[in-house]
Asks: 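Right, I'll just put the structure down here and ask away after.
Here is the naming used below: chain letters follow the sequence lines, and residue numbers restart at 1 for every chain.
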Amino acid sequence: MDMSTDTSTAVDTDAPPFRYGAALATEIERRWQDRWEREGTFHTPSRPGPDAGEKVYLMDMFPYPSGSGLHVGHPLGFIGTDVLGRYLRMNGRTVLHTMGFDSFGLPAEQYAVQTGTHPRTTTEANIRRYKEQLRQLGLAHDDRRSVATTDVEFYRWTQWIFLQIYNAWYDPEQQRARPIAELEAEYAAGRRGPWAELSRVEQRQVIDGHRLAYISEAPVNWCPGLGTVLANEEVTADGRSERGNFPVFRRSLKQWMMRITAYSDRLVADLDRLDWPDSVKAMQRNWIGRSEGAVVRFATATGSGALADIEVFTTRPDTLFGATYMVLAPEHPLVSSLTPLEWPEGTDERWTGGSSTPALAVEDYRFEAGRKTDLDRQENKQKTGVFTGAYAVNPVNGREIPVFVADYVLMGYGTGAIMAVPGQDQRDWDFAAAFGLPIVRTVDPGDWEGEAFTGDGPAINSANEEISLDGLGVTEAKRAITDWLVARGDGEAVTQYKLRDWLFSRQRYWGEPFPIVWDADGLPVGLPDSELPVELPEIDDYSPKTYDADAADTEPEPPLSRNEEWVVAELDLGDGTASYRRETNTMPQWAGSCWYHLRYLDPDNTERFVDPDIEKYWLGADPSKPGDPGGVDLYVGGVEHAVLHLLYARFWHKVLYDLGHLSSEEPFRRLFNQGYIQAFAYTDARGTYVPAEEVVEAAEGGFTWNNEPVRREYGKMGKSLKNVVTPDEMCERYGADTFRLYEMSTGPMDVSRPWSTRDVVGSQRFLQRVWRNLVDEHTGETRVVDTEPDVDTLRALHKAIAGVHTDYRALHYNTAAAKLIELNNHLTRSGTAVPRSVAEALVLMMAPLTPHVAEELWSRLGHPETLAYAPFPVADERYLVADTVEYPIQVNGKVRSRVTVAADATPAEVEAAALADEKVAAALGGKDPRKLIVVPGRLVNVVV
RNA sequence: GCCCCCGUAGCCCAACCGGCAGAGGCAGGCCCCUUAAAAGGGUUCGAGUGCGGGUUCGAAUCCCGCCGGGGGCACCA
């Protein structure tokens, strides 16, 4: 038996000429696709007229057009949004739906490096291929609105938006981005600090330090194997590149950053206003990592005796009385200056790392810590560290506590320093245990037995002459101690975020060039709009300089830097013609996807990235829903973009909103994660993948290929796993409608499921049966009759109509399909010709799922116009209520009998009927029921 | 280690606010059509809902604890 594909190509020479098979389906599909295109059936006006139906903006996460084309897993979401769009259109809504391409990216560039083919050539060929593959699926897209991020006319506006961000700063008072000119004006007016006395260059540096897109010399993720730097989001938990799986090193390099951290608070808070899956919201919250706490300053003295403060961040200021030591990250700037010349008298041997002086101990430790990769740190959670030789003063009790250096404290989070409270923090407990440090409990653990107690409880051991926390719960204690610290000037309430600024430059060719040049002072200058677009120049070698994957000490060298002719630009930027050097980094792949939802709305606008009125119409907040942030009405895509694309796009959208370019506050009002189509793959004894379609299931269980046993695994569909099935094959063997119906019937949209070619035939059979019920397979004439359907048929019809509405709206296409099959089965079983009214309703209900065959049947039924805008059937309530209802009668929860009563019977009547039933009476055995529950329309339960 | 999601028939999946466990498809059995075959027609079989408790008149559904699978985060103070 063939497991994954049915390779038999039956030559049905005897099949009737008008049987709905692959050949007829294909002919119908081509014809209707041509007609939809010719007539512009799915063109949506950017500014619909006053009598247009309520607007709906549907979007799919646009694909990267890879060289291998689509497999059957890719279009699952695309078909899903298409079904909904078609359904909504038939219900009078004005639907905007199109498809674009996220076409900058690594594979085209790597292919270019190997073959010398320009990435644009490869990319455009791939896009053409994708468009053909998508067209044959019959997706109702407005093809005039399609964009690709690599189109010069598209990335011109990506660059324009970059300049908006570059020319803006975040005003923490107003909690929004403002034009940089307003900041400059405030400085010039002397309201923000020194200005007039600064040189022009110094003034520019001050301003540049506030921009939302800025240059920073900071530790970044340098990936020598790829020859580029990467964003935090592109680095996996074990310190490797998401693409290519190369080691990633922390290096201090000069790079472009985006100040996404300015928006941390709003990015978290506005999640509450979005209709998104909880899992994605949780991932974003987690990634942003908002935590509330306090900064506390501990007085200390440097090695030379000068006074200094160590600032720590803590989420548990309530445990301050239990802070028995402090820890600085190895990279902390205070470490060197704190270290005294000698170990203090009586220093514990465990604390010195075996060194004769603190300076040597610290130096050794820092060296060792620097050699460790993130992975080493993760794998080995043994606490290590050395004493700096310095002490700090706990502000609550004046006690001197030792200051350590340890790599379990990270420079990148909080202040890079902690107060250690072993009683309430397991990491601190572990360290304290290893180094023999005192442990003071400040939260009463009750009868809990264990090490650090992180739960809630009354504070203990937490009082001095001015304040006592004893007896307070954690929350109240936090508030009390924070107020006390603030009053004494020893601390502040502070909110911390894990989110880091977004590293925005890449050393690659195939990306958007920055609209930035560098002047003679070595400072960046944003180009004026008139200089846009900055087009990618032709170059000989597309590859960045890559290195041995482990060569951490190498430098990035972008490909664009090698075209000196392009790099040097003579421009007049207001101060007369001068020579500038162009920025040679390019933007990351995420740039285009941050705003393509805006360009779809107004793709041909040459004056603006999107017309404000058009944006307001399609994305504006819904005034009838309080708190609605606006955005795309439904955005469908995979969950893998939860913290990359979806976070970046929200950030850009908010900046553009702040600057007054948009009326909506969020890009995607509702998000839906579709499941994946996965597939079985098979390996032979050597572990090599064998073609999945040739594998057969052995009678005794197990699987064989060429009579050799093979092992089955389950996962992705991919070339290397030899288990790819393409939509092209499916369209050829069954037709697009069958393929669409199959994908939609196998489960609800959000569920992942295995591909099974063997099962596709079920969908084909259904369409064939519908066709046969309406069309004579021998003559092609319709078989419907102009008689009134009988009551049973009307009931079946209206039940289907009512159910299908609910299902389509809820994206439960599998159950919608089941109801249509059920209705058709009813028509088949009735054995008589199908009444026209029923046939037409069935065809209209099928149209969202299987549009081509529905159009064909609709036209054969005598309707010359497309059914794309035909009214969707409406259920007649009269046929939804039955005359009689059969009630199951439970006795103590077990069904013992059934009675049939009038549908409008009162509960008392139902009760009487139930008690009158013989079997119930028998089950009662003469006893009186203790309780009797009648659930109207459902059942009766008698309790004895 | 923490957080999120999911376990229903051989397989994919239904089951509304807790109310008769089954809508649909695949596979299987049987019958019909057929010289034969199936991507034909018909019919039929099939689980007590991962396991153990609890709440309830009543639990696939709610609660608790396990087991299994998937995903995210991870020395984040």
Side-chain angles (χ1 to χ4, degrees), chain A residues 1 6 8-12 14-16 19-22 237 277-283 285-287 289 291 293 312-316 327 377-378 380-381 383 406-410 412-421 424-428 430-431 496-498 639-640 642-643 697 701 733-734 738 741-742 745-748 750-756 758-766 768-769 772 777 803 806 812 814-822 825 828-829 886-895 898 929-935 937-944:
Chain A
M1 181 182 30
D6 185 351
S8 64
T9 32
V11 191
D12 47 355
D14 293 342
R19 170 160 294 174
Y20 184 81
D278 288 339
S279 59
V280 176
K281 288 189 185 186
M283 280 189 250
R285 283 198 190 96
N286 204 325
W287 188 261
S291 52
V312 304
F313 172 72
T314 175
T315 54
R316 294 295 303 276
V327 183
R377 279 196 179 193
Q378 238 170 299
N380 190 356
K381 293 204 174 168
K383 294 289 178 288
D407 67 0
Y408 82 93
V409 173
L410 310 174
Y413 185 75
T415 61
I418 62 155
M419 62 180 214
V421 187
Q424 275 79 228
D425 184 297
Q426 189 60 43
R427 294 158 299 176
D428 297 342
D430 294 342
F431 190 88
Q496 271 293 333
Y497 299 91
K498 259 161 67 180
V639 72
E640 69 272 20
V643 289
E697 189 170 7
R733 286 175 53 192
Y734 299 101
T738 296
L741 181 64
Y742 169 71
S745 328
T746 45
D750 49 351
V751 168
S752 292
R753 57 216 97 157
W755 177 262
S756 171
R758 186 169 75 162
D759 295 358
V760 178
V761 66
S763 297
Q764 167 104 55
R765 279 184 199 141
F766 164 64
Q768 217 166 60
R769 288 169 194 169
R772 188 160 38 229
E777 289 188 320
T806 317
H812 291 172
N814 54 329
T815 51
K819 287 177 175 95
L820 296 175
I821 294 169
E822 203 179 351
N825 286 351
T828 307
R829 270 185 213 119
E886 189 191 56
Y887 279 84
I889 314 299
Q890 295 182 339
V891 177
N892 290 337
K894 296 266 184 264
V895 178
R898 291 161 194 282
R930 191 157 62 85
K931 198 171 175 185
L932 220 144
I933 292 124
V934 178
V935 185
R938 307 300 307 222
L939 55 50
V940 178
N941 190 9
V942 185
V943 186
V944 289

Asks: Please report, rounded to the nearest Å, how far the C1' atom of B:G42 is from the CZ atom of A:R772.
Replies: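 From A:R772 CZ to B:G42 C1': 12 Å.
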Asks: OP1, OP2 of B:A77 versus side-chain N and O of A:S291: anything below 4.0 Å?
Replies: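 It does, given that an N or O in the side chain of A:S291 lies less than 4.0 Å from OP1 or OP2 of B:A77.
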Asks: Identify the heavy atoms of A:M419 and A:V312 that sit nearest to each other, and give their distance.
Replies: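 Minimum heavy-atom separation between A:M419 and A:V312: N-CG1, 3.6 Å.
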Asks: Only counting residues at least two apart or in another chain, list the ones meeting ring-ring contact (aromatic ring centres under 6.0 Å, His included) with A:Y887.
Replies: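 By the ring-ring contact (aromatic ring centres under 6.0 Å, His included) rule, A:Y887 matches no residue at all.
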Asks: At their closest point, which heavy atom of A:G289 faces which heavy atom of A:Y413, and how far apart are they?
Replies: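 A:G289 and A:Y413 have their closest heavy atoms at O-OH, 4.4 Å.
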Asks: Within this structure, what is the CG-to-P distance between A:D750 and B:A14, rounded to whole angstrom?
Replies: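 Going from A:D750 (CG) to B:A14 (P), I get 9 Å.
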Asks: Validate the cation-pi geometry between A:K383 and A:Y408: distance from NZ or CZ to the six-membered ring centre under 6.0 Å, angle to the ring axis within 45°.
Replies: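 Geometry flag: set, cation within 6.0 Å and 45°.
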Asks: Apply side chain to side chain contact (heavy atoms under 4.5 Å, CB included) to the pair A:I418 and A:D428, showing each step before the final yes or no.
Replies: CA-CA 10 Å; A:I418 62 155; A:D428 297 342; 3.6 Å; yes
Asks: How would you label the glycosidic angle of B:G48: syn (within 90° of 0) or anti?
Replies: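 For B:G48, whose glycosidic angle is within 90° of 0, the conformation is syn.
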Asks: Should B:C62 form a Watson-Crick or G-U wobble pair with both distances under 3.5 Å, which nucleotide is its partner?
Replies: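 Pairing partner, where one exists within any strand: B:G54.
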Asks: A:A818 has a side chain; which of B:A14, B:A23, B:G41 sits nearest to it?
Replies: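 The closest nucleotide is B:A23.
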Asks: Contact class for A:P277 (heavy atom, under 4.0 Å): base, sugar-phosphate, or nothing?
Replies: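 Since no nucleic acid heavy atom lies under 4.0 Å of A:P277, the category is nothing.
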Asks: Pairs under 3.5 angstrom, nitrogen or oxygen only, protein versus nucleotides 16-21 of chain B, please.
Replies:
residue	atom	partner	partner atom	Å
B:G19	O2'	A:R938	NE	3.4
B:G19	N2	A:N941	ND2	3.3
B:C20	O2	A:R898	NH1	2.5
B:C20	O2	A:R898	NH2	2.6
B:C20	N3	A:R898	NH1	3.1

Asks: When the C1' atoms of B:C3 and B:U8 are considered, how many whole Å apart are they?
Replies: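 After rounding to an integer number of Å, I get 27 Å for this pair.
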Asks: So what does A:Q496 touch, heavy atoms closer than 4.0 Å: a base, only the sugar-phosphate, or nothing?
Replies: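 Nothing: the residue A:Q496, judged by heavy atoms under 4.0 Å, touches no strand.
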Asks: Could you pull out the closest heavy-atom pair between A:T738 and A:Q764, with the gap in Å?
Replies: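 A:T738 and A:Q764 have their closest heavy atoms at CG2-N, 3.6 Å.
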Asks: Given the P atoms of B:G70 and B:G24, what is the spacing between them in whole Å?
Replies: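 The answer is 33 Å between these two P atoms.
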Asks: Measure the distance from CG on A:D425 to C1' on B:A77 and round it to the nearest whole Å.
Replies: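 About 6 Å, once rounded to whole Å.
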Asks: Return the set of residues passing ring-ring contact (aromatic ring centres under 6.0 Å, His included) with A:F313 (not counting sequence neighbours), or none when no residue passes.
Replies: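 A:F313: no ring-ring contact (aromatic ring centres under 6.0 Å, His included) contacts found.
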Asks: In whole Å, what separates the C1' atom of B:G40 from that of B:C33?
Replies: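 After rounding to an integer number of Å, I get 8 Å for this pair.
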Asks: Hey, which of these two, A:V943 or A:V761, hits RNA chain B nearer its 5' end, going by closest nucleotide?
Replies: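 With A:V943 and A:V761 compared, the 5'-side residue is A:V761.
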Asks: Rounded to the Å, how far apart are A:Y734 OH and B:A38 P?
Replies: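 Rounded to whole Å, this separation is 14 Å.
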Asks: Check the phosphate of B:C26 against A:R765, side-chain N and O only, distance under 4.0 Å to OP1 or OP2. Yes or no?
Replies: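 Answer yes for this pair, as a side-chain N or O of A:R765 is under 4.0 Å from OP1 or OP2.
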Asks: Take atom CG of A:D428 and atom P of B:A77, then tell me their distance rounded to the nearest Å.
Replies: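 After rounding, the gap between these two atoms is 12 Å.
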Asks: So which nucleotide from B:A77, B:G25, B:A23 ends up closest to the side chain of A:R769?
Replies: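 Looking only at heavy atoms from C-beta outward on A:R769, the closest nucleotide is B:G25.
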Asks: CD1 of A:I821 versus C1' of B:C13: gap in Å, rounded?
Replies: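 My rounded result for the distance is 12 Å.
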Asks: Looking at A:N825, I'd like to know whether one of its side-chain N or O atoms comes within less than 4.0 Å of OP1 or OP2 on B:G25.
Replies: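 Yes, because at least one side-chain N or O of A:N825 sits under 4.0 Å from OP1 or OP2 of B:G25.
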Asks: Just how far is it from atom NE2 of A:H812 to atom NZ of A:K819, taken to the nearest 0.5 Å?
Replies: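 The NE2 atom of A:H812 sits 10.0 Å away from the NZ atom of A:K819.
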Asks: If I take atom OH in residue A:Y408 and atom P in nucleotide B:A77, what distance separates them, rounded to the nearest angstrom?
Replies: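 Roughly 13 Å, once rounded to whole Å.
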Asks: B:A9 and B:C26: how far apart are their C1' atoms, nearest whole angstrom?
Replies: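 Between the two C1' atoms, the distance is 13 Å.
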Asks: Does any nucleotide pair with B:A37 by Watson-Crick or G-U wobble geometry, both distances under 3.5 Å, and what is it?
Replies: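 Partner of B:A37: none found under 3.5 Å.
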Asks: So what does A:R285 touch, heavy atoms closer than 4.0 Å: a base, only the sugar-phosphate, or nothing?
Replies: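 Contact class for A:R285: none.
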Asks: Output the rounded distance in Å from CZ (A:R733) to P (B:A39).
Replies: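 The answer, rounded to whole Å, is 10 Å.
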Asks: Does B:A77 have OP1 or OP2 sitting under 4.0 Å from an N or O in the side chain of A:R316?
Replies: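 Looking at the OP1 and OP2 atoms of B:A77, neither is under 4.0 Å from any side-chain N or O of A:R316.
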Asks: In whole angstrom, give me the gap between the C1' atoms of B:C62 and B:G19.
Replies: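 The same atom, C1', in both gives a distance of 14 Å.
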Asks: Using side chain to side chain contact (heavy atoms under 4.5 Å, CB included), reason through A:N286 and A:K498 one step at a time and then give a plain yes or no.
Replies: CA-CA 8 Å; A:N286 204 325; A:K498 259 161 67 180; 3.5 Å; yes
Asks: Between A:D425 and A:R316, is a side chain to side chain contact (heavy atoms under 4.5 Å, CB included) present by the stated rule, with each step listed?
Replies: CA-CA 10 Å; A:D425 184 297; A:R316 294 295 303 276; over 6 Å; no
Asks: Quote, to the nearest angstrom, the C1' distance that separates B:G25 from B:A37.
Replies: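 Approximately 23 Å lies between the C1' atom of B:G25 and that of B:A37.
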Asks: Hey, is the side chain of A:R427 poking within less than 4.0 Å of OP1 or OP2 on B:G1, counting only N and O atoms?
Replies: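 No.
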Asks: Which pair of non-hydrogen atoms, one from A:G416 and one from A:V409, has the smallest distance, and what is that distance?
Replies: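 Smallest heavy-atom distance, with atoms named: O-CG1, 3.5 Å.
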Asks: Applying salt bridge (charged side-chain N to carboxylate O under 4.0 Å, His left out), can you list everything that pairs with A:R753, at least two apart in sequence or on another chain?
Replies: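 Applying salt bridge (charged side-chain N to carboxylate O under 4.0 Å, His left out) to A:R753 gives none.
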Asks: Expressed in whole Å, how much space separates the C1' atoms belonging to B:C16 and B:C11?
Replies: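 The answer is 27 Å between these two C1' atoms.
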Asks: Below 4.0 angstrom from OP1 or OP2 of B:C57, is there any side-chain N or O of A:K931?
Replies: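 Checking A:K931 against B:C57: at least one side-chain N or O falls below 4.0 Å of OP1 or OP2.
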Asks: Syn or anti for B:C66, taking syn as within 90° of 0?
Replies: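 Anti for B:C66; the angle lies over 90° from 0.
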Asks: Mind checking the P distance from B:G54 to B:C73? Whole angstroms is fine.
Replies: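 The answer is 39 Å between these two P atoms.
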Asks: Provide the closest heavy-atom pair for A:M283 versus A:V643 in the form atom of the first, atom of the second, distance.
Replies: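 Nearest pair, atom of A:M283 first, then A:V643: O-CG1, 3.6 Å.
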Asks: Could I get a table of every N or O pair under 3.5 Å where one atom is in the protein and the other is in nucleotides 69-73 of chain B?
Replies:
residue	atom	partner	partner atom	Å
B:C73	O2'	A:N286	OD1	3.4

Asks: Hey, what are the protein-to-nucleotides 6-12 of chain B N/O distances that come in under 3.5 Å?
Replies:
residue	atom	partner	partner atom	Å
B:C12	O2'	A:T746	O	2.8

Asks: Checking all strands, does A:T828 fall into the base, sugar-phosphate, or nothing category for heavy-atom contacts under 4.0 angstrom?
Replies: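 If one applies the 4.0 Å heavy-atom cut-off, A:T828 turns out to touch the sugar-phosphate alone, with no base involved.
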Asks: Would you please test A:Y742 and A:W755 for side chain to side chain contact (heavy atoms under 4.5 Å, CB included) and show each step?
Replies: CA-CA 10 Å; A:Y742 169 71; A:W755 177 262; 3.3 Å; yes
Asks: To the closest 0.5 Å, what do you measure between CG (A:L932) and CG (A:N941)?
Replies: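 Nearest 0.5 Å value for the CG-CG distance: 8.0 Å.
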